[in-house]
Amino acid sequence: MQRIGVFVCWCGSNIAGTVDVQAVSDALQNEPGVVFSTNYQYMCSQAGQDIIKNAIAEHKLTGIVVCSCSPRMHEATFRKTAAAAGLNPYMVEIANIREQCSWVHKDMPTGTEKAIILGKAAVAKVNLNAPLKPGESPVTKRALVIGGGIAGIQTALDIAEAGFPVDIVEKKPTIGGKMAQLDKTFPTLDCAACILTPKMVDVAQNENIRIFSYSEIEEVGGFVGNFDVKIRKKARFVNEDICTGCGICTEKCPQKKVPNEFNLGMDNRRAIYIPFAQAVPKVATIDADYCTMLKTGKCGVCSKVCTAGAIDYTQKDEIIEEKYGAIVAATGFNPISMDKFDEYAYNQSKDVITSLEFERLTNAAGPSAGKLVRPSDGKHPHTIVFVQCVGSRCSACAEKGKEYCSKICCMYTAKHAMLTRDKYPDTDVYVFYIDVRTPGKAFDEFYRRAVEEYGVHYIKGMVGKVSPEGDKLMVQASDILANKQLHIEADLVVLAAAIEPDKSARPLATQLTASMDTNDFFTEAHPKLRPVESPTAGVFLSGTCQGPKDIPETVSQASAAAAKVIGLLAKDKLTGNPCVAGSDELMCNGCSSCERVCPYGAITYVDKEFRMPDRTTRVRRVASVNEAVCQGCGACTVACPSGAMDLKGFATKQIIAEVDAICR
Amino acid sequence: MNNREETLIPKIGVITDVRIDTPDVKTFRVVTPDGKKAFEHRPGQCAMLSIPGVGEAMFSITSSPTNAEFMEFSIKKCGCVTEWLHQAEVGQQITIRGPYGNPFPVDDAFKGQDLLFIAGGIGLAPLRSVINYCRHYRENYGKIDIVYGSRSKDDLVDYDEIINEWVKDDGIDVHLTIDNEQEGWDGHVGFVPNYVKELGFDTNKTVIICGPPIMIKFTLQGLIEMGYDKTQVYTTMELRMKCGIGKCGRCNIGSKYVCKDGPVFRCDELEELPDEY
Amino acid sequence: MRKCSIQNLDAVFSKIAEEAKLYIPQDSEKGTDYKEWTEGAVLSNALNTNRSPKDFFFPQTENLMEFKTSGKEIEIIDNRDEMEDFVVFGVRACDVKSFEILDRVFLVEPYDSYYANRREHGVIISMACTRPVETCFCQTFDIDAANPEGDIVCHKTENDIFFNAVTEKGNALMAKLEGVTEDADSSEVDAQIEKTHEIMKKLPLANLTADKFGADKTNEFFDAPEWKELSQSCLGCGTCTFVCPTCQCYDIKDYNTGHGVIRFRCWDSCMYSDFTKMAHGNSRNSQLERFRQRFMHKLVYYPTNNDGLFSCVGCGRCLAKCPISMNIVKVMKTLGGKDNE
Amino acid sequence: MQINGEFQPKIVAFCCNWCSYAGADLAGNNRLAYPENVKIIKVPCSCRVNPMFILRAFQRGADGVILCGCHPGDCHYTSGNYYTRRRMALLFSMLNYLGIEKERTRVEWVSAAEGAKFAQTMNEFTEAVAALGENKRLEDLRCKK
Amino acid sequence: MQKVTCDTLAAKACELLENGTVDRVLGWKNGEFVYDVTPALFTTTDDIKSEFVFNDFCGANFSKYLIEETRKTESKVLVFLKPCDTYSFNQLLTEHRFDREKVYAVGIPCEGMADITKVKAAAGDGITAIKAEGENLVISTLYDEDKAVACADVLAERCMVCKSKKHVAYDELLGEDGDVIDSNRFDEVEKLEAMTEDERFAFWQNELSRCIRCNACRDVCPACTCEKCVFDNPESSVANKAISDSFEEKMFHIIRAFHVAGRCTDCGECSRVCPQNIPLHLLNRKFIKDINSFYGEYQAGAEAGSRAPLVDYTTEDIEPTDAVLKGASDNA
């Protein structure tokens with residue numbers, strides 16, 4: 001018979017407020033197997049844990065039940081406490097009487113009664129617990145970063161700094177991501193390229209980092225410490241090792257009319273191209289959809305002019321298999337498409353642009369070589385209207401846009417307004433906003449300079465309609481503070497479009513078995529306490545793939561993710577999850593039902609000799625579970641008709657005991 | 001409702017003392033809640049102990065009927081009921097019913113005879129009640145020899161009673177043996193059947209054997225070689241018993257029910273029965 | 001001897017029903033079974049019921065007692081409620097004989113009070129057979145199908161039903177049926193008995209004899225080589241033992257209901273592989289041993305302990321219901337030597 | 001079980017450790033009330049729930065059983081909830097075929113971010129089961145108080 | 001009346017015994033009466049000649065015996081398989097339950113086996129002899145004169161809705177192979193589905209309450225081949241030996257049907273052997289019908305190695321709540 005100790009936590013008033021903790025600990029006192037039952041204000045505090053340790057020693061407890069908050073919060077804490085007191089950490093069960101009882105039921109008597117029942121279920125389960133020892137698996141000392149933006153770069157550099165090899169997989173021909181497309185960065189207005197390019201060069205020169213540009217993730221298998229990943233290196237028809245990046249081919253290529261996605265389609269590029277000057281790796285890429293040589297077989301100019309002879313039309317996609325210990329998702333963001341926002345006439349007029357397109361226009365390497373001109377007729381715009389929260393903070397029932405605030409638009413619009421007023425003092429700049437959010441360091445001072453020093457007209461109100469008339473754009477808006485309607489003739493309208501995760505994030509999450517929220521941002525393991533880890537062990541989150549954030553936050557989160565990866569790769573052995581499946585050979589029929597449902601292929605079959613009662617031996621085919629690969633999902637335990645396959649920690653007997661205790 | 005005694009409804013017993021004999025054998029002292037013996041029994045008879053929800057099992061009563069205060073059971077841990085009992089603490093209540101089985105013929109066949117008890121391992125438990133009974137009425141019986149062997153020294157059940165009481169009694173020779181060499185043991189080393197052959201008893205004794213089936217088989221062969229006749233040898237059987245009253249139909253060998261016609265059998269009676277066991 | 005016309009048999013039934021619960025065999029499209037009599041229930045004239053009437057006295061499951069445990073204390077509750085009287089009508093000769101066989105097991109010291117409690121409150125009204133079928137072989141065990149035993153014996157002729165009270169329980173019940181029955185002589189009944197005996201002689205299994213078997217014949221048949229061939233295709237299911245009116249083996253199990261433990265008794269089958277499974281082994285490991293135990297018990301062991309009375313009544317249920325058509329008749333023919341044919 | 005007159009159903013909820021259990025916690029964090037008849041059992045994945053557990057819950061007196069798991073595609077073990085979906089589709093269809101009210105059993109996909117949906121589902125389900133009344137068709141009389 | 005006669009089978013068995021391909025034959029032997037046929041193992045040719053029987057009552061499905069037979073010796077065993085038996089044969093092969101090399105399977109055509117309860121209903125009681133003549137059976141009984149009954153009228157329910165005369169696994173075929181028949185074997189299930197929930201509950205309560213838990217359905221079922229059944233294993237906390245509450249009979253039959261779901265080949269043996277005549281095949285057929293309508297047509301055992309529906313999935317499967325509605329209203 002087990003000797004069980006029950007510890008009911010008050011959690012200050014969180015539990016004690018709506019659950020009579022004394023009644024709970026008294027009721028659980030005479031449950032079968034319980035020899036000690038008490039309650040205390042803060043079980044997770046040092047004092048609380050000492051109570052547990054002393055009780056274990058004094059009453060020679062073989063199992064403990066803690067009725068407190070969710071196991072997702074403090075199961076690890078209480079397991080460490082038990083281990084410190086010499087008890088096997090898996091002889092601990094948590095009854096969740098806070099999130100799933102005291103916080104959701106206001107009425108004290110019924111809340112107490114439910115807490116007692118949940119306590120009884122935990123006691124019933126601990127009665128059948130067996131001490132478990134987690135298995136160990138080796139750690140591949142290599143990390144994989146998916147996405148080559150500033151987030152991926154920073155994470156890779158930090159991991160490489162700790163001496164671990166890192167691979168970056170970037171689907172574009174070059175790393176750099178969105179930041180490479182920016183002109184200046186707030187609040188210090190230093191040029192984006194100036195702070196990004198050195199980091200890109202560091203990445204290129206760091207012998208610990210390998211860049212797979214123009215590549216995508218094909219398949220991810222395995223588990224933390226032992227991921228095996230297939231990377232598809234798309235054919236760029238240029239041999240990377242030989243190409244010097246001189247760019248002659250990009251000038252001679254006859255196919256000129258390819259929309260340049262680096263400049264968001266505002267100008268054209270050749271079929272063979274280098275996205276921008278500081279591209280890393282500085283290697284040309286042939287766009288298979290437009291290259292006449294690849295389509296029709298007639299041209300080949302680039303291979304003729306290439307001095308190094310790096311062009312190779314026969315290059316095929318290549319699948320590279322590699323083993324990794326940790327994976328970091330840094331897939332970044334994209335502005336949302338403006339198709340659904342026809343009230344701003346984005347598709348009718350070329351002079352209604354998004355902020356990112358505005359960045360390209362003001363960028364020296366942009367389509368207009370840094371001169372702010374109207375994309376329609378190339379004239380200088382005298383009146384510019386910035387419209388905030390386009391597609392952000394929309395109510396749930398509006399079937400378009402996002403419910404959340406995209407966080408960075410207020411600051412970059414203030415930057416655009418200030419730079420425009422500074423460079424072209426004659427232009428009028430209007431900014432229509434709902435709230436201006438400047439939460440960061442030196443953010444508000446930056447915004448006030450834009451208003452006071454540079455005379456930007458900030459108008460609190462919504463833009464109702466933008467209708468192109470002639471070469472002007474009639475902007476109808478309302479000014480809430482002055483409570484009047486405004487009609488402005490604008491030459492240029494800039495929409496601060498909301499940002500959403502990159503389209504490649506959702507399939508990647510399925511591959512990584514990482515969970516996502518309804519907006520396709522990766523869900524973090526815990527919103528406050530573990531923001532850079534995904535619930536899936538070994539998968540980490542870096543940058544805007546986890547939620548909208550500006551560059552300083554992205555970089556700090558990138559380094560945080562790197563720190564976590566380093567923490568993982570520094571270990572030689574990873575203690576696995578002990579709650580894995582196990583098969584009882586005597587009862588196993590060898591029918592392979594379990595092998596077919598196992599998502600990790602952890603079950604193999606061996607022929608085993610059995611001594612029969614009449615002294616003959618018989619060879620039978622029985623299942624055997626590879627405890628390092630098994631993650632303990634339990635699909636096999638239900639597929640097995642005879643119940644031979646059982647799950648340690650969540651055995652059939654234990655769950656049935658819990659059901660009995662609950663329905664008693 | 002008729003007032004006849006309810007056979008299947010047990011009485012409540014309280015474990016008043018738990019003595020650890022060997023790593024897998026404990027001796028439990030059981031009395032009724034008001035301190036008395038649950039029922040009277042004869043040497044060699046058994047009782048059904050049970051824990052509600054765990055199961056019921058038949059155990060031979062190892063204390064002698066002459067012991068008035070309590071009943072004792074030496075139980076080896078080998079199944080779910082025994083495992084549960086081994087975790088039970090003093091004061092734990094269990095249910096007990098019996099006595100079942102017909103006893104050793106202490107008042108007729110054994111009277112005035114020289115007795116030779118041969119036991120192996122936990123097999124001593126059923127014989128202990130007979131031995132102590134015979135020691136109590138020492139004058140009715142002739143010379144008593146006890147040959148008892150076990151796997152190792154600390155597997156000898158009831159070791160201290162053997163050393164402090166049995167050895168000191170006159171007219172009782174105790175021969176202990178263990179299967180293989182062990183330091184701290186100066187007694188005989190070897191299997192029980194060979195040890196019996198070595199000692200070479202004269203053949204007018206009545207022999208009572210109890211232990212693992214292999215030991216019974218070889219000891220019996222040895223005795224017959226020494227000139228013993230099957231009618232002089234008694235043994236107790238170990239089969240799955242459920243009702244204990246010869247009705248549930250599973251403990252039979254041939255037409256005989258071990259729980260009702262046994263568990264004590266004379267070897268010639270066993271001979272007639274088919275060797276189903 | 002009393003009689004009543006078939007038409008007002010319902011009157012007799014309702015009279016009996018006033019005294020005690022009445023069960024009569026009733027037809028359904030899935031076979032015949034004993035159901036409680038209600039107004040307008042039709043008496044089936046099928047030869048045998050699917051389930052034998054053994055269920056009335058030795059039910060498939062029966063709560064023995066209940067335990068309440070709290071901490072270290074145990075409380076035993078015997079929550080059997082008082083058994084009221086009941087009457088079973090239309091029991092055939094073979095089934096009536098099975099009660100006698102069961103009585104010799106359960107009513108012998110040490111005494112089974114659960115069985116006795118039901119047996120005392122039950123009145124058996126047996127019905128003579130007029131149309132035995134090919135699977136009947138009750139005459140092998142010298143049971144007279146035409147003139148069965150029982151508290152009251154009935155004979156159903158063309159348009160009357162004759163009642164002949166035998167035991168005092170029978171007479172007590174007949175006394176209460178005075179109003180609905182009238183006196184009758186037994187000539188018509190004797191004629192019908194004679195006619196049935198004629199038919200009995202023509203049954204395929206008429207000359208099957210069991211005198212090769214009986215008490216103390218264990219060693220003759222125990223090691224017979226034929227067991228291997230007889231038991232080779234047996235599935236080890238419990239059908240033959242559960243439909244058999246004389247199988248008496250039971251298991252005692254505990255069931256934890258969450259607020260107490262119920263100890264109940266349920267039918268068990270010697271054909272099941274875990275029937276004799278112990279903590280350290282099983283004394284009957286192969287299906288051959290289990291198969292042999294079943295028929296040796298019916299034909300040898302039971303007679304040895306009950307002065308020659310066989311424990312089979314020849315009702316033929318196991319012949320009809322065995323999934324692989326292996327049964328006691330085939331065993332008797334194979335082991336009983338060729339002259340048995 | 002009666003509390004202040006009207007029938008209080010007993011509901012057993014099997015919640016998968018990665019999504020719906022976290023969703024239940026989130027409902028707690030946001031103080032979204034749902035009836036206390038619901039008691040949650042944590043299982044590693046919804047595919048761990050064996051039809052025997054569901055029938056056992058009904059046997060021991062539950063009036064409704066709900067099984068929550070991650071949204072198909074989100075399962076932490078990639079395919080766990082796909083198997084659950086097949087198994088429960090067949091089981092529920094069979095239970096209904098045997099005449100057991102179909103509102104007594106339900107599967108609901110609740111992600112870790114859907115605290116509100118969890119609370120709302122529990123409210124809905126408890127009302128539906130309360131409307132059905134006590135579980136008379138799958139109960140075990142011995143386990144009744 | 002079966003097309004292939006008993007002598008052709010006996011001859012084939014003797015031939016294979018003599019030329020040593022097999023050393024024993026799984027066939028039928030006469031039971032006590034003409035309709036009582038016992039599966040038997042023949043080892044010598046004269047046993048076969050004297051006792052081998054094949055008639056309209058050979059309903060037993062031999063594939064389950066092969067599990068034990070192939071474990072006994074290294075040599076081959078000859079087994080006669082009717083078309084529906086071959087599906088069980090394949091399903092057991094998919095589950096590696098016996099060694100294919102140790103079996104020599106001979107496919108035999110089958111015109112449908114008779115159901116003895118129907119024969120008794122048609123001919124009255126006291127059957128002494130049954131002779132097959134042309135398309136009907138001549139039955140002589142104790143009480144009235146011989147009666148001729150058409151075979152078609154006394155066919156077993158599973159043979160009236162026979163799903164396929166095609167042999168899907170054999171080493172050799174006697175007679176030509178038939179083909180899959182799309183019989184209306186789900187009518188009975190649809191009739192039940194059309195009832196209201198209360199009517200269905202009453203129907204099943206009445207049927208299952210007669211169950212005596214004799215395990216015949218489990219021990220004969222070729223898909224139920226566990227080394228130790230979960231209901232016999234005291235460790236499994238669902239051990240159940242007898243019905244002491246109406247719940248337990250439902251539990252046993254629901255869980256058994258669930259365990260064989262997707263693996264049951266609808267061979268009908270469970271209903272044939274049930275001593276209480278409970279239509280157990282209606283439970284398994286319900287699962288088969290649901291699997292077909294939810295996840296596409298699937299016949300267990302159609303080809304060895306196929307992936308049973310319950311150990312497979314697609315990302316677009318039907319949701320359980322809609323499945324219940326679809327399952328119940330497919331025909332309404």
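Letters go in sequence order (proteins before strands), and every chain restarts at 1.
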So D/Y82 and E/Y313, would you call those rings parallel, tilted or perpendicular, with 30° and 60° as cut-offs?
parallel

What part of E/V230 gets closer than 4.5 Å to chain D, counting heavy atoms only: side chain, backbone, both or neither?
side chain

Please determine if E/D198 and D/R137 form a salt bridge, counting it only when a charged side-chain N lies under 4.0 Å from a carboxylate O.
yes

Which members of residues 251-261 of chain E, sorted by number, sit under 4.5 angstrom from chain D on a heavy-atom basis?
E/M251, E/I254, E/I255, E/F258, E/H259

D/E139 side chain near E/F247 side chain, heavy-atom distance below 4.5 Å
no

Does a side-chain heavy-atom distance below 4.5 Å link E/D290 with D/M94?
no

Contact part of E/E199 toward chain D, heavy-atom cut-off under 4.5 Å: side chain, backbone, both or neither?
neither

If the condition is side-chain hydrogen bond (donor to acceptor under 3.5 Å, both in side chains), which residues does E/R263 pass it with, not counting sequence neighbours?
E/E95

Can D/F92 and E/T321 be said to form a side-chain contact (heavy atoms from CB on, under 4.5 Å), step by step?
CA-CA 8 Å; D/F92 294 167; E/T321 24; over 6 Å; no

Which heavy atom of E/F287 sits nearest to which heavy atom of D/L91, and what is that distance?
CE2-N, 4.4 Å

Which heavy atom of E/S237 sits nearest a heavy atom of D/R56, and at what distance?
O-NH1, 3.0 Å

Return yes if some donor-acceptor pair links the side-chain N/O of D/R87 with the main-chain N/O of E/L310 below 3.5 Å, else return no.
no

Can you tell me which portion of E/D322 sits under 4.5 Å from chain D's heavy atoms? Options are side chain, backbone, both or neither.
neither

Need one label for D/P72: side chain, backbone, both or neither, based on atoms under 4.5 Å from any heavy atom in chain E.
side chain

Where do D/L138 and E/K250 come nearest, in terms of heavy atoms and distance?
CD2-CD, 4.2 Å

Can you give me the closest heavy-atom contact between E/Y295 and D/R85, atom names plus distance?
OH-O, 4.2 Å

I need the minimum non-hydrogen distance between E/V311 and D/Y83, along with the two atoms involved.
C-CE2, 3.7 Å

Hey, mind stepping through E/D312 and D/R86 against side-chain contact (heavy atoms from CB on, under 4.5 Å) and telling me if it holds?
CA-CA 9 Å; E/D312 201 356; D/R86 280 210 169 179; 3.9 Å; yes

